[in-house]
Number of protein chains: 2
Amino acid sequence: MGNEAQRTRESFSEKALRYLREQIINGQMPPQEKIVESEIAHCLGVSRGPVRDALKQLAVEGLVDYQPNRGCTVALLSPKDAYEVFYLRGSLEKLALEKGGGRISDEGLFRMEEAVEEIRAGVEKKSTSAVVAADEKFHRQIIESGRMDRLVKMWELLSPLNGAMFLVVKKTNELERRLGQERTLDDPFHGDDLGAHTRLLETCRRGDLQASLRALDAHYIRTGERIYRLSLRDELPEK
Amino acid sequence: MGNEAQRTRESFSEKALRYLREQIINGQMPPQEKIVESEIAHCLGVSRGPVRDALKQLAVEGLVDYQPNRGCTVALLSPKDAYEVFYLRGSLEKLALEKGGGRISDEGLFRMEEAVEEIRAGVEKKSTSAVVAADEKFHRQIIESGRMDRLVKMWELLSPLNGAMFLVVKKTNELERRLGQERTLDDPFHGDDLGAHTRLLETCRRGDLQASLRALDAHYIRTGERIYRLSLRDELPEK
DNA sequence: CGACGGACGATTGTCAACAATTTTTAAAAA
DNA sequence: TTTTTAAAAATTGTTGACAATCGTCCGTCG
């Protein structure tokens, strides 16, 4: 069920890419940690070539910093980065919505419903990766509604970073809660995240462009701004 | 004079990247032409490794199509692509302007003036590459006024494609002229392009955000739409 | 005691050869 | 003639070795 026929097994480059992305997004490789090609290569049982390819790609995505002749480090994602990523992703999706007139295909709407369910399940199981995947599935329907290939590509380039941001978001939430403001209702992910997606789905179903744009703003961009402002007030304890 | 100190000579990867970009944007490699790694490598006197790196990067930029195990071809850029690239670049710059409140630093304004001069000179000398470079310089000031690193990075990723689009634009202009509508005043590059930039510079200098946004729309995005509509009405003669 | 400079080690950049895959070619079968 | 099949050629994917570069350590000089 589901997946397109996968005729060729993934290359070693893709394997390394997947591995490194996962390590970074899951936080197993802390920010600013040095990444040595030969180590990764040995660890995966491949040579350095494919690992190099993967690192170059990750540099484009912004998950690692690449300094010529000096090597790679896991990118240190500041709250400002989080803000920018949220803002950009949200802006791109707004562009898509406008281009598509706020209308989403029946199939797209159906997948968005599925995604909402998956988010609900992921939250219950406390599985961050499940939530991230479902969140991506949800928003993918939005970005694709604009029917602009380049727009989708850009959005996809931003996706891995967005995944990494969930870590920052989690920390911020905990911090905020500790600061005493128990407004879990406005919590971006494990609180009202579900509600935000539900509301957004509803406006999309109605085809109400303006309402969808507002809902997107509320869900996405303001979360970024909140994180950013919070970080200015109180440095995040970077590991 | 001018350039930042270039302490390390460019790597072979960068050399190959520059070479291939130039070839493609100048049209010396026609769309859909197959690119064979070993040929390029031999042609540049390097091995395949650096050429591979360059091709991967070009694939991200959208200048080549990369099919695993099957190799590369020069990307075939349709009028719709042109439309999307213009639209996206314009949209990103509008985001930057909004973020920066429509205000641009004195140094930025100065560089924009320089760029306008360079465009004027480039048009006179009929040097497309000079116009492209100056155009990039001009718009870079705008995208940087938003002070969002990720936004700038995305814009930079789009730049090479934008360069390639000048070819499409040129063809479209010729086609349009041949169709009898002698409205060279609305000509995007070798006609009123200079004027559009001048007007945009003027609104930026005043710090008039709304006017700048409108000017940007007129200059950038509508050019894309015009190209797209024109192409629907009359297939562009793809070489 | 601190600044300068050269050897050393670690790591990336590049290469040429090999393996795996795809495309082409040509022959055989229908 | 057209289709099918298999061998051959061309091309990409991968590898291990070598070269170039960078950071560090340690001895020398001021």
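This structure is a prediction, so every number in the text was calculated from the model and none was measured. Order of the sequence lines fixes the chain letters, A, B, ..., with proteins taken first and strands second; residue numbering starts at 1 for each chain.
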| query | Is B:Glu117 salt-bridged to B:Arg120, cutoff N-O under 4.0 Å? | reply | yes
| request: Go through the structure and list residues passing salt bridge (Lys or Arg N to Asp or Glu O under 4.0 Å) with A:Glu114, not counting sequence neighbours. | output: A:Lys137
| Set of salt bridge (Lys or Arg N to Asp or Glu O under 4.0 Å) partners for B:Lys56, sequence neighbours left out | A:Asp53
| task | Between protein and nucleotides 10-16 of chain D, map the contacts as a letter string: B base, S sugar-phosphate only, - none, heavy atoms under 4.0 Å, written 5' to 3'. | result | -SBBBB-
| request: Would you mind reporting whether A:Leu97 and A:Ser145 have side-chain heavy atoms less than 4.5 Å apart? | output: yes
Protein and nucleotides 6-8 of chain C: nitrogen or oxygen contacts under 3.5 angstrom:
none

| request: State the CD-CD distance between A:Gln141 and A:Glu113, to the nearest 0.5 angstrom. | output: 11.0 Å
| request: With sequence neighbours excluded, tell me which residues meet side chain to side chain donor-acceptor pair (under 3.5 Å) with A:Lys80. | output: none
| How would you list, by chain and number, every residue that makes a side chain to side chain donor-acceptor pair (under 3.5 Å) with A:Asp81, sequence neighbours excluded? | A:Ser78, B:Arg150
